Asks: 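One structure, as structure tokens, below. Some questions next.
This one's a predicted model, so the numbers in the text were calculated from it and none came from an experiment.
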Amino acid sequence: MNKKEYQLVLASNSPRRKELLSGLNKSITIRAKNDIDESYPSTLSALDVPEYLSKKKASNYEVADDEILITADTLVIVDNTILGKPKDEKEAFDMLRLLSNKTHTVATGVCLKTSHKSISFTDVTEVCFKELSDEEINYYVSQFKPFDKAGSYGIQEWIGYIGITSIKGSYFNVMGLPVHRVYEKIQELEGND
């Protein structure tokens, strides 16, 4: 079977997703739109929202014959509540207070799209935080300004070093892209021409 080599197109401005995808040693083009509606039906379960949004994002792009478009959406879910990106310091503090001393779910929905096929999936990781003090939360929010991160934290930053006691699942999924699964799906698409 002939494998076709595709150009990867990442439809995201996330520096973390770009870094993670670059780890696959494939050339990547960034093609991100900032005006995509990220609303979703209120009837969707929290775990179905990320994949729904990644497919919705993908539907906003045209894909050339030699391209694989990759879209993703990561959400933090605690007590059946979806935590997106915080609007300000108070909301960031409140989110981290909610995550303190609890296990939460990080779900990333991913869609890979060629000119003739689309594959989507959700990867889930369980993350446990120790009890965070108000001082630790305030320090992190003021120093790291996690306003571009679902749930108000980056696992690869200070709060992850001092606060996360365990994870079950992919570390990279918590960063924003389950690269092991993305790699599998790229292989599947490249081999199915």
Asks: Provide the closest heavy-atom pair for Ser14 versus Ser12 in the form atom of the first, atom of the second, distance.
Replies: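 Closest approach of Ser14 to Ser12: N-OG, 3.0 Å.
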Asks: To check you understand the geometry: which heavy-atom pair defines the closest contact between Ile28 and Ser22, and what is its length?
Replies: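 Ile28 and Ser22 have their closest heavy atoms at CD1-N, 3.4 Å.
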Asks: For residues 92-101, which residue pairs qualify under salt bridge (Lys or Arg N to Asp or Glu O under 4.0 Å), counting only residues two or more places apart or in two chains?
Replies: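 Applying salt bridge (Lys or Arg N to Asp or Glu O under 4.0 Å) to every pair that reaches into residues 92-101, excluding sequence neighbours, yields Lys90-Asp94, Arg97-Asp134.
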Asks: Could you give the distance from OG (Ser166) to NZ (Lys130), rounded to the nearest 0.5 Å?
Replies: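 Reported value, rounded in 0.5 Å steps: 14.0 Å.
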Asks: Side chains of Arg17 and Met175, heavy atoms from C-beta outward: is any pair under 4.5 Å?
Replies: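 No, too far: nothing below the 4.5 Å cut-off.
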Asks: Tell me if a side-chain donor or acceptor on Ser54 pairs with a main-chain N or O of Ala72 at a distance below 3.5 Å.
Replies: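 Not at all, since once roles are kept as given, no pair shorter than 3.5 Å links the two residues.
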Asks: I need the full list of salt bridge (Lys or Arg N to Asp or Glu O under 4.0 Å) pairs touching residues 164-178, with sequence neighbours left out, sorted by first then second residue.
Replies: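 Qualifying pairs: none.
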Asks: Taking side-chain hydrogen bond (donor to acceptor under 3.5 Å, both in side chains) as the cut-off, I'd like each qualifying pair that reaches into residues 176-186, sequence neighbours left out, listed once.
Replies: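 Checked against side-chain hydrogen bond (donor to acceptor under 3.5 Å, both in side chains) - neighbours excluded - the pairs reaching residues 176-186 are Asp123-Arg181.
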Asks: Any idea which heavy atoms bring Ser152 and Ala92 closest together, and the distance?
Replies: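 Answer, listing the atom of Ser152 first, then Ala92: OG-CA, 3.3 Å.
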Asks: What distance do Leu47 atom CG and Leu75 atom CG have between them, rounded to the nearest 0.5 Å?
Replies: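 Reported to 0.5 Å precision, the distance equals 9.5 Å.
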Asks: I want to check something: taking the side chain as every heavy atom from C-beta on, are Tyr52 and Pro41 in contact at a cut-off of under 4.5 Å?
Replies: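 Of all side-chain heavy-atom pairs linking Pro41 with Tyr52, at least one is under 4.5 Å.
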Asks: If two hydrophobic side chains count as joined below 4.5 Å and joins carry through other members, does Val78 share a cluster with Ile159?
Replies: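 Same cluster: Val78 reaches Ile159 through Ile, Leu, Val, Met, Phe, Trp or Tyr contacts under 4.5 Å.
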Asks: May I ask you to test the Ile82-Val49 pair for a side-chain heavy-atom distance under 4.5 Å?
Replies: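 Yes. Closest side-chain heavy atoms under 4.5 Å.
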Asks: Rounded to the nearest 0.5 Å, what separation is found between the SG atom of Cys111 and the CD1 atom of Ile70?
Replies: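 Reported value, rounded in 0.5 Å steps: 10.0 Å.
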Asks: Using the test salt bridge (charged side-chain N to carboxylate O under 4.0 Å, His left out), find all partners of Asp79 that sit at least two apart in sequence or belong to another chain.
Replies: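 Result, salt bridge (charged side-chain N to carboxylate O under 4.0 Å, His left out) vs Asp79: Lys102.
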Asks: Is any side-chain heavy atom of Glu190 closer than 4.5 Å to one of Tyr6?
Replies: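 Result yes, sub-4.5 Å side-chain heavy-atom pair found.
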Asks: Looking at residues at least two apart in the chain, or sitting in another chain, which of them share a salt bridge (charged side-chain N to carboxylate O under 4.0 Å, His left out) with Asp48?
Replies: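 Salt bridge (charged side-chain N to carboxylate O under 4.0 Å, His left out) list for Asp48, sorted by chain: empty.
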Asks: Are Ile155 and Val106 connected in a single hydrophobic cluster, I mean Ile/Leu/Val/Met/Phe/Trp/Tyr linked by side-chain heavy atoms less than 4.5 Å apart?
Replies: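 Yes, because Val106 and Ile155 connect within a single hydrophobic cluster, where side-chain heavy atoms sit under 4.5 Å apart.
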Asks: Check whether the side chains of Glu67 and Thr114 place a donor and an acceptor atom closer than 3.5 Å, and report yes or no.
Replies: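 No, no side-chain donor-acceptor contact under 3.5 Å.
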Asks: Output yes when a side-chain donor or acceptor of Ser142 lies under 3.5 Å from a complementary backbone atom of Asn138, and no otherwise.
Replies: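 Yes; judged by distance alone, with no hydrogens or angles, the pair exists.
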Asks: Should Leu8 and Leu10 count as side-chain neighbours, where that means a heavy-atom distance under 4.5 Å?
Replies: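 Sidechains of Leu10 and Leu8: no contact.
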Asks: Tell me, please, which residues at least two apart from Asp65 pass side chain to side chain donor-acceptor pair (under 3.5 Å).
Replies: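 Listed in chain order: Ser115.
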Asks: After noting the C-alpha distance and the side-chain angles of Val63 and Val9, does the key distance pass the side-chain contact (heavy atoms from CB on, under 4.5 Å) rule?
Replies: CA-CA 9 Å; Val63 182; Val9 178; over 6 Å; no
Asks: For the residue pair Leu132 and Asn101, establish whether any side-chain heavy-atom pair is separated by less than 4.5 Å.
Replies: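 With C-beta onward as the side chain, the pair stays apart.
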Asks: Can you get from Val174 to Leu177 by hopping between Ile, Leu, Val, Met, Phe, Trp and Tyr side chains that sit under 4.5 Å apart?
Replies: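 Linked within one cluster.
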Asks: Identify, with sequence neighbours excluded, every residue that meets ring-ring contact (aromatic ring centres under 6.0 Å, His included) alongside Tyr171.
Replies: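 By the ring-ring contact (aromatic ring centres under 6.0 Å, His included) rule, Tyr171 matches no residue at all.
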Asks: Can Lys33 be said to sit on top of Tyr61's aromatic six-ring, NZ or CZ under 6.0 Å from centre and within 45° of the ring axis?
Replies: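 Verdict for Tyr61: a cation-pi partner in Lys33.
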Asks: Classify the side-chain pair Glu51/Thr122 by whether it contains a donor and acceptor separated by less than 3.5 Å.
Replies: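 The criterion, which ignores hydrogens and geometry beyond distance, is satisfied for Thr122 and Glu51.
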Asks: Using a 3.5 Å distance criterion without hydrogens, assess whether the side chain of Glu91 forms a donor-acceptor pair with backbone atoms of Lys87.
Replies: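 Confirmed, Glu91 side chain pairs with Lys87 backbone.
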Asks: Mind checking ring-ring contact (aromatic ring centres under 6.0 Å, His included) for Phe144 and listing every partner two or more places apart, or none if nothing turns up?
Replies: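 So Phe144 forms a ring-ring contact (aromatic ring centres under 6.0 Å, His included) with Tyr140.
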Asks: Any donor and acceptor pair, going by atom type alone, linking the side chain of Thr108 with main-chain N or O of Asn173 inside 3.5 Å?
Replies: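 Answer holds: yes.
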Asks: Looking at Asp88, I want to see if its CG is surrounded by more than 12 non-hydrogen atoms of other residues, nucleotides or ligands under 6.0 Å.
Replies: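 Counting other residues, nucleotides and ligands, CG of Asp88 exceeds 12 neighbours.
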Asks: Starting from the C-alpha separation in whole Å, work towards a yes-or-no answer on salt bridge (Lys or Arg N to Asp or Glu O under 4.0 Å) for Glu62 and Lys113.
Replies: CA-CA 9 Å; Glu62 295 296 319; Lys113 178 180 167 183; over 6 Å; no
Asks: With Phe172, which residues qualify under ring-ring contact (aromatic ring centres under 6.0 Å, His included), at least two apart?
Replies: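 Checked Phe172 against ring-ring contact (aromatic ring centres under 6.0 Å, His included); zero matches.
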Asks: Classify the side-chain pair Thr105/Glu126 by whether it contains a donor and acceptor separated by less than 3.5 Å.
Replies: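 There is such a pair (donor and acceptor under 3.5 Å, judged by atom type) between the side chains of Thr105 and Glu126.
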Asks: Does the side-chain contact (heavy atoms from CB on, under 4.5 Å) test come out yes or no for Val76 and Met95, once each step is laid out?
Replies: CA-CA 10 Å; Val76 170; Met95 284 184 186; over 6 Å; no
Asks: Is there a path from Phe121 to Leu69 through hydrophobic residues (I, L, V, M, F, W, Y) whose side chains come within less than 4.5 Å of each other?
Replies: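 They do not share one cluster, since no chain of ILVMFWY contacts under 4.5 Å joins Phe121 to Leu69.
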Asks: More than 12 heavy atoms of other residues, nucleotides or ligands under 6.0 Å from NZ of Lys56: is that the case?
Replies: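 Enclosed.
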Asks: Can you give me the closest heavy-atom contact between Gly151 and Leu96, atom names plus distance?
Replies: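 Shortest heavy-atom separation between Gly151 and Leu96 comes out as O-CD2, 4.0 Å.
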Asks: Taking Arg31 for the side chain and Ala11 for the main chain, is one N or O donor matched with an acceptor at less than 3.5 Å?
Replies: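 No; zero donor-acceptor contacts below 3.5 Å.
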Asks: In chain order, what residues pass the ring-ring contact (aromatic ring centres under 6.0 Å, His included) check against Phe129, with sequence neighbours excluded?
Replies: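 Residues passing ring-ring contact (aromatic ring centres under 6.0 Å, His included) with Phe129: His104, Tyr153.
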Asks: With a 4.5 Å heavy-atom cut-off, do Val127 and Ile164 have their side chains touching?
Replies: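 The answer is yes, as the side chains (C-beta and beyond) meet within the 4.5 Å cut-off.
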Asks: Asp148: what forms a side chain to side chain donor-acceptor pair (under 3.5 Å) with it, not counting sequence neighbours?
Replies: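 Side chain to side chain donor-acceptor pair (under 3.5 Å) list for Asp148, sorted by chain: Arg16.
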Asks: Short question: side chain of Thr125, backbone of Ser170 - any donor-acceptor pair under 3.5 Å?
Replies: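 Present.
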Asks: Which pair of heavy atoms, one from Val182 and one from Leu112, lies closest together, and at what distance?
Replies: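 For Val182 versus Leu112, the nearest heavy atoms are O-CD2, 4.1 Å.
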Asks: Kindly work out whether a path of hydrophobic side-chain contacts (I/L/V/M/F/W/Y, heavy atoms less than 4.5 Å apart) joins Val124 to Ile167.
Replies: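 Cluster IDs for Val124 and Ile167 differ.
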Asks: Just to verify, what does Glu157 make a salt bridge (charged side-chain N to carboxylate O under 4.0 Å, His left out) with, not counting sequence neighbours?
Replies: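 So Glu157 forms a salt bridge (charged side-chain N to carboxylate O under 4.0 Å, His left out) with Lys149.
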Asks: Between Val110 and Ser120, is there a side-chain heavy-atom distance shorter than 4.5 Å?
Replies: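 No, too far: nothing below the 4.5 Å cut-off.
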Asks: How far does CG of Asp37 sit from CG of Asn60, to the nearest 0.5 angstrom?
Replies: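 That separation rounds to 8.5 Å.
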